[in-house]
Amino acid sequence: MLVPKPLVAGAIVLWITASALPLPAQESAVAPRAGPTAISTRDMVVSVSRPASEIGSQVLNQGGNAVDAAVATAFGLAVAWPEAGNIGGGGFMLIVRAGEEPVFIDYRETAPAAATREMFADGKPPSQYKLVGVPGTVRGLALAHEKFGRLPWDKLIAPAIALAEHGVIVNDALAGSLNGALAKSPDFPELRRVYAPPEGRDKWQAGDKLVQPQLAVTLRLIAIEGPDAFYLGRIAEQIVVEMQRGGGLITKEDLAGYQPLERRPIHGTYRGYDIYAPSPPSSGGICLVEMLNIVEGFDLRKHPRWSSRTVHVMTEAMKRAYADRARYLGDSDFVRIPPQLTTKEYASDLAKTISLAKTTPSEQLAPEIKLAKESEQTTHFSVIDRGGMAVSNTYTLEQSFGAKIVVRGAGFLLNNEMGDFNPQPGITTRDGQIGTAANEVRPKKRMLSSMCPTIVCRDGEPVLVTGSPGGRTIINTVFNVLVNRLEYEQPLEEAVDGLRHHHQWFPDRISLEGSRIKRHPNLVRELEALGHTVTTRYARQGDAHSIARDPRTKRLEGVADPRIDGWAVGN
Ligand code: GLY
């Protein structure tokens, strides 16, 4: 059997933790430099995939900075975590450099020029080919690299090429992900061929090897020719042929015209911390800051973190922010977004509408939206380098394995991100479908996202990098982690592991993680007494691979979310 070379030299080194921190340190006195949690005073990469984190760490070790490592990790995830890691999708990268303005790179997909407002209005399940948005990842990563990268572009892609060629050793999480995709994709023969289990078997298991030779060729083209290979060259031709095969809308001109954008991130404050998070077309930053502003006035800390009082107040904030999301948010290049949503004054007015004795029905919160009647697979990773540069990146194919369409001859998946537009203009349902105008389909428009790669700073230096997959739950996952860490000053492991809750305005119910609810035996009953409808049906909410940094000692703590087999690596 061909065993791939280890991508990071060697032995796990034990590291003695040092100093007192402004925020609490991990409990244990000794922690490894790599593992589900890791400690380092130099740099850190945390992602859902061990080989992808090791690729990022190797790049840091070779003198690359956090952006170099993020680019390499992103290409690594496109090989090692195909359900969401991608070159055929899009996402957001947030970059903080000490003493400089934070930078937000928007590489969200766009609607093809032939897309129309009514294209999904009949309510029938659309063809996956019509759901493919113009991919943004390759030009997005190239823009980040061009502006901030230090190592050559091809060097950052080389480890992903090697991984695709020699094979990814499959762990339980990847086996489950691949088996799930195969079970759900009987009508996608190219997906079934590319991700077929080893010969003679009908399922993947841990220890198998996933080899992707066509993806290796595609990545090599991108490494040698740059992003134009994808948007103007051979890969663009392959995408167009694939679109024509299935009746998709993307043309040569759509691909040639795609541009990532540099935007100002949303900025908020919470108890002396600066919060940076994505601006539209993500709803992440606005909703996160709106919720933090609302709860800031309630002195949550006077009550235990998972008391019904704290969960109630946070939930009321969620409902109000998500109602605003439906009301106002879309691609800001197409719709005007009210500037007051992230102000303290607006939050204070909303806070006054919250009763501590009972929940406010969702219908009361946005009565002007006439009621008639998203997917979760995305991936997030966090990086900090030894110069204190931090990168928070979330990117996606939308659903798990995106549109399930593998571009023939090129070995990579296309997204189905058009599903993030409001499909039926005017039709907003109690089940959670939104039909408001701000996020209707328009040619070349970016669909509204919930992705929320976030960086928290103190005095200009990063102290927390986090984010998560999870569709509309993403913003609430980040909100939970930030409240745990910044309000309750929990150690990072606890802040990441703790029970998460989600409310998205409609359906009018709180979702509490089934896998963790037993830790809080009275919570459901107490929330119901406040008038909430509660579900514990979903075992887990997101996976927030995070890094905490002490700006004084430079100590970094990486925590891969225990909900999935992620990996943290420091040099
Ligand atoms: N497709 C998930 C999101 O952008 O929120």
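Whatever order the structure lists them in is the order used to number ligands and atoms, beginning at 1.
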Query raised in the report: In terms of the angle between their ring planes, are Tyr231 and Tyr258 parallel, tilted or perpendicular, with boundaries placed at 30° and 60°?
Result: parallel

Requested in this report: Specify side chain, backbone, both or neither for Glu417, according to which of its non-hydrogen atoms lie closer than 4.0 Å to ligand 1.
Outcome: side chain

Report task. Using a 4.0 Å heavy-atom threshold (strictly under), name the region of Glu109 that reaches ligand 1: side chain, backbone, both or neither. Result -> neither

Query raised in the report: Between His267 and Tyr276, how do the two ring planes meet: parallel, tilted or perpendicular, split at 30° and 60°?
Result: parallel

Query raised in the report: Can you list the ligand 1 atoms lying under 4.0 Å from a non-hydrogen atom of Ser449?
Result: 3 (C), 4 (O), 5 (O)

Query raised in the report: With a 4.0 Å cut-off, would you call Asp497 and Arg516 a salt bridge?
Result: yes

Query raised in the report: Taking atom types as modelled, is there a side-chain donor on Ser177 or Glu83 under 3.5 Å from an acceptor on the other?
Result: yes

**Report entry** Selected option - heavy-atom contact closest to atom 3 (C) of ligand 1, from Asp420, Thr396, Leu397
**Finding:** Asp420

Query - Option passing side chain to side chain contact (heavy atoms under 4.5 Å, CB included) with Leu156 (candidates Val67, Leu141, Asp68) - result: Asp68

Query raised in the report: Can a salt bridge be assigned to the pair Lys445 and Asp331 using a cut-off of 4.0 Å between side-chain N and carboxylate O?
Result: no

Query raised in the report: Closer than 4.0 angstrom: is that true for some heavy atom of Met447 and an atom of ligand 1?
Result: no

Requested in this report: Enumerate the atoms of ligand 1 whose separation from the nearest heavy atom of Glu398 is less than 4.0 angstrom.
Outcome: 1 (N), 2 (C)

Query raised in the report: Taking distance alone, with no angle check, do Arg108 and ligand 1 share an N/O pair under 3.5 Å?
Result: yes

